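Here the structure comes first, spelled out in C-alpha cells, and everything after it is commentary.
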Amino acid sequence: MKFPRVSNIINWAGRRGSLWVLLMVLVLTLLGILVWLAGRYESSLVQGRLERNAAETVTDIRSGLARNLHTFQALQFSERRPESWQQPAAEVLRGHREIMRLEWRSETLELLSFVDTPFRTSVFERLGRDNLLSDVNLTCTTARRLNGAAYSISYFLPQPDGLGMEVFDMCMPIVLAGQLTGYTVATYSLQDILGELVGPQLARGVALSFTEADGTRLALHGAPSRGNRVYVAQQLLDLPGATLVLRMESRLGTPALFPNFLTALVMAMALALLAVLFLLARDMRRRLKVEHDLGEALAFRKAMENSVLTGLRARDLKGRITYVNPAFCKMVGVEAGELLNQSFPSPYWPPELAGIYQERQEIRLAGNSLPREGHESVFMRRDGTRFPVLIMEAPLINAVGKHTGWVSAILDVSEQRRIEELSRASQDRLQATARLAMVGEMASLLSHELNQPLAAISSYATGSLNLLRGEMAAPGRPAEDLAPPLFDDLQLAMGRIAEQAERAGKVIKSVHDFVRRRERVREAVAPRSLLDAVMPLVILQSRKLGVRVVIELAPDCPAVLCDRTMVEQVLLNLSRNGMQAMQGVDDLPSAGLRGKVLTLRIRPAAGHASSRWIEFAVIDCGEGISEKVAEQLFTPFFTTKEEGMGLGLSLCRTVIEQHGGFLAYAAAPPRGTIFSFTLPAAGAPDATAAPQNF
Ligand code: ADP
C-alpha cells in the first residue's frame, strides 16, 4: 500500500484552490457574456421591431398623403366654380384633421377660393397668408415642373394662443385637357399628420416626431421618452420637393435589469450555477480538510508501522497476502514485492512444515476462530535458517463491518528462546556445581574419616612385619617352623600392605587438598616413576578384562613438574576408561587388530621445543566416542556406565589444566580413542605457561 505524503496533499490542495479560482472566474465571465449577449439580442429585437414600425409609419404617412391627393383631384374635377367648391372642400377638411387649409388658386397663384379647418381657428390668422406666398410660389413652381404634386419645406406658424405649429404646403397643379388651369394648395400640420395618418397600433407606446436633419424637433406626437436606454429609429419621409425625418422613440424596449424572459432565465441559471459552485466549493473545502486529516493519520500510521519491531501481515479471505510491514520483510529477509499477492505456500515457510501450515491455513480460512494468545510456529529466512515465531491473528473487519481477511502480528522469539536455553543451561550448571560441592564435602569428610583406619592399617602392617622379623630372629626357634619362602612372601605382602595403605593415605590427602584448594606440591617426577606407581593397579584390572598393556616411553624423556599423586590418578582414570571402552568389543580382528591393547605413550610434545612439554597419551581400540557422547564428555556426572559416577574426565581435565597443560581426545584409527594430556617438563623456562592445544 502506498500512501501520499502530507506535503503532497497540501500541494494538491493549493493547486486545487487555484483551479477553483480559475473555474469561478471562467464561469463568471461566461455568465457575464451570456447575460450581455442575451441583453444585446433583446435590444436588437426591440430595435429591429422599432425600425420596422418606423418604416411602416413612413409608408402610412406617404399613402395617407397620396390618398389625400386623390381626394383633391376628385374635388377639382367635380367642382368647376369657386362658389360651389367651398362646400365639398369643407367636407374634405372635416374628414382630414391634418389639413389646416385648402386653397384653390389660379394659374397665376391668385386665390380663387379657400377653406380653413373647422377644428381650430385659422392658422394664418396671426401671420397672414400673404406673407407666406413666396413659399407657395416656390412649391407651385416645383409642382408645375414635376407635373404633379410638390411639397414645401416646413415652416413655423405662430398661433394666437401663444403657441405655434409647424406646417408645410402641398401644391398640386390642376390640368384640364392638357391645360394648366390652376393649383390646389393644402397646408398640412406636421403634428396632426402624426396623429391622423399613422395607424393607431403603430403609434401606441411610442413617441413620434418629425425632426430636421440636425435633430431639431419640429412636431411631436405622444409623450417624449426619457432615460438612458431609449430605443430610437429614424426614417426619411421623402416627398417631392421636401424631405422630413421621422423619429420614433420607444419606451417599450426600455431594458430593465431583466429585459425579458430569456435574460431572466439565463440570470436565474447563472445564480443557480453560482449557488452550486459555492456548495461544491464548501464541499471541496470539507473534503480537503478530511483529506488532510487522513493524510496526517496515514503518515502517523506509516511511521508507527515502520518503527515497530513486530512483523505485521494481512491476508484476504483467499489467503493472499495484502500487506506486510518493513519489520516483517526484515524478519524473513524477503522484499515486500515478492510477498504481496502471494498465496500458499508462502516463501518463508520451511518446506518440511509447508504441509502442516497449509492445513492450518485451510482450517483458518474455513472460518474457525483462533486463540487470542497466539500460537508458535517456525519461519524460514531467505538464507534457509529457521527461527521460532509467535503469531497472533485477528479478523480484519473493513469500514462497513465486513470481514475481509486476517491480520497477524508476528514476533521473532529466537532471542527469547536463546535466553531461555542459556538460563536452563546455567541452571543445570548450578545444580551440577551444587552436587560437586556436595561430593567435595563428602570426599573431604571421607578422607578425614579414612585417614585414621589407613594409619592404623599401615602401623599394624609395620608392627606385624616387625613382629615377624623378631620372631624369626628369636633364639631357640627352630628354623623349620616357618619355611623361609613363606616367611619371605609374608614379609613382601606385609610390606605391600603398608605401602598401599600409605599410598591410599596420600591419595586421600591429595583429594583433600584438591577439594580444599590448598597450595599443591609440585615436584619433578620422572615419567617412568609415574608409570611404575600406577602399573600394578592397571595390570590388575587389565588381567581381569583381558587387555594387553603396552608402554611406549621415549628414551631420555625429561622429568615433569607435577603433583604426582593427582597425575597418577589421571593416568589411572584414563587407563581404566580405555580398558572399559574395549570391554564389549569383539570384532577387533576384522579391524586388523590383534586383541585388546591399551597403549600408554609418553614423549615430548611434537612441534615444540623438545623439552618444554611432555605428552602423555592413553590409546585404546574400544568403541570410540559417538557425537552424542562427545557433546557432554566433560560434563560432571555424565556417564554411560551403570556404576559410573561421571566425574572422572571432568576431574582429569581440571587437574591437567591446573598444571597448565591441556587434556584432549581424538579418534584413534582404525578404531578406538586416544586421550592425551600435556605436562610441563621440569626445568622448562615457563612451566606454567598457558595451556597448549595439540
Ligand atoms: P565414568 O567413567 O564414571 O563413566 P568418566 O567421566 O570417566 O566417567 O567418563 C564419562 C564417559 O565418557 C564414560 O561413561 C564413557 O561413556 C565415555 N568415555 C570415557 N573414556 C572413553 C574411552 N576411552 N572410550 C570410549 N568412551 C569413553
Side-chain angles (χ1 to χ4, degrees), residues 57-58 60-69 71-72 75 86 89-90 92-105 109 111-143 146 148-173 183-198 203 207-222 224 235-247:
T57 306
V58 167
D60 278 359
I61 292 171
R62 196 175 280 136
S63 55
L65 292 177
R67 262 198 318 277
N68 286 355
L69 280 181
T71 310
F72 300 149
L75 181 68
Q86 278 198 334
V92 169
L93 287 194
R94 207 168 287 123
H96 294 274
R97 295 171 75 104
E98 70 276 13
I99 305 170
M100 296 294 108
R101 183 189 177 99
L102 197 58
E103 295 171 345
W104 183 5
R105 289 180 182 267
L109 291 177
L111 185 62
L112 301 180
S113 180
F114 75 94
V115 191
D116 278 316
T117 179
F119 301 109
R120 56 172 75 220
T121 51
S122 170
V123 288
F124 294 104
E125 190 181 336
R126 189 146 165 226
L127 210 56
R129 182 60 170 153
D130 294 340
N131 293 330
L132 298 164
L133 273 180
S134 57
D135 277 336
V136 177
N137 211 344
L138 198 64
T139 310
C140 289
T141 312
T142 311
L146 292 177
Y151 296 83
S152 73
I153 57 169
S154 67
Y155 53 92
F156 185 72
L157 282 183
Q159 294 301 303
D161 54 5
L163 296 173
M165 66 164 61
E166 195 74 17
V167 295
F168 66 84
D169 293 324
M170 186 280 305
C171 182
M172 184 184 76
Y183 296 99
T184 306
V185 177
T187 304
Y188 282 100
S189 155
L190 285 181
Q191 186 162 8
D192 289 320
I193 286 178
L194 293 175
E196 296 299 315
L197 298 188
V198 178
L208 281 171
S209 58
F210 281 119
T211 60
E212 286 182 352
D214 61 0
T216 312
R217 187 187 287 155
L218 302 174
L220 173 69
H221 176 75
Q235 287 284 331
L236 280 181
L237 176 60
D238 205 5
L239 299 171
T243 301
L244 285 167
V245 178
L246 179 82
R247 179 184 169 95

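Starting from 1, each residue takes its place in the sequence as its number. The model shown is predicted, which means the values in this text are computed figures rather than measured ones.
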Under the rule for side chain to side chain donor-acceptor pair (under 3.5 Å), what residues qualify as partners of T216, not counting sequence neighbours?
D214
Can you tell me how far apart CG (L109) and OG1 (T139) are? Round to the nearest 0.5 Å.
9.5 Å
List the atom of Q191, the atom of A219, and the distance in Å for their closest heavy-atom pair.
N-CB, 3.7 Å
Whether the E98 and S189 side chains hold a donor-acceptor pair (N or O, under 3.5 Å, no angle test) is what I'd like checked.
no
Which residues pass the side-chain contact (heavy atoms from CB on, under 4.5 Å) test with A89, not counting sequence neighbours?
L75, W85, L102, V115
If we only count heavy atoms from C-beta on, is the L69 to M170 side-chain gap below 4.5 Å?
yes
Could you tell me whether I153 atom CD1 has more than 12 heavy atoms of other residues or ligands within 6.0 Å of it?
no
How long is the gap from CG on L208 to CG on L190, to the nearest 0.5 Å?
12.5 Å
Separation between CD (E212) and CZ (R217), nearest 0.5 Å, reads 13.0 Å
Non-hydrogen atoms of M100 and Y188 that approach each other most closely:
CG-C, 4.4 Å
With the side chain counted from C-beta on, respond yes when F168 and I193 share a heavy-atom pair under 4.5 Å apart, and no when they do not.
yes
Is any side-chain heavy atom of W104 closer than 4.5 Å to one of Q86?
no
Can you name the closest pair of heavy atoms from P240 and A149 and give their distance?
CB-O, 3.7 Å
What I'd like to find out is whether the side chain of S154 reaches to under 4.5 Å of the side chain of V167, using heavy atoms alone.
no
List the residues meeting side-chain contact (heavy atoms from CB on, under 4.5 Å) with R129, not counting sequence neighbours, and say none if there are none.
R101, E103, R105, F124, L132, V136, Y155, D169, V185, T187
Measure the SG-CG distance between C171 and D135 for me, rounded to the nearest 0.5 Å.
11.5 Å
Evaluation steps, side chain to side chain contact (heavy atoms under 4.5 Å, CB included), between T211 and L246:
CA-CA 6 Å; T211 60; L246 179 82; over 6 Å; no
Would you say M165 and R120 make side-chain contact, with heavy atoms under 4.5 Å?
yes
F210 vs L220 side-chain heavy atoms within contact, under 4.5 Å:
no
Do L244 and L236 have side chains that get closer than 4.5 Å, going by heavy atoms?
no
Under 3.5 Å: donor-acceptor pair, side chain of Q235, backbone of R247:
no
Is there a donor-acceptor contact under 3.5 Å from the side chain of T243 to the main chain of L239?
no
To the nearest 0.5 Å, how far apart are CG in L197 and CZ in R67?
7.0 Å
In Å and rounded to the nearest 0.5 Å, what is the OG1 to CE distance from T184 to M172?
4.0 Å
Let's go through I99 and F119 carefully: what are the C-alpha distance in whole Å and the side-chain angles of both, what is the deciding distance for side chain to side chain contact (heavy atoms under 4.5 Å, CB included) to 0.1 Å, and is it a yes or a no?
CA-CA 10 Å; I99 305 170; F119 301 109; over 6 Å; no
Looking at A242 and S152, what are the two nearest heavy atoms and their distance?
CB-O, 3.4 Å
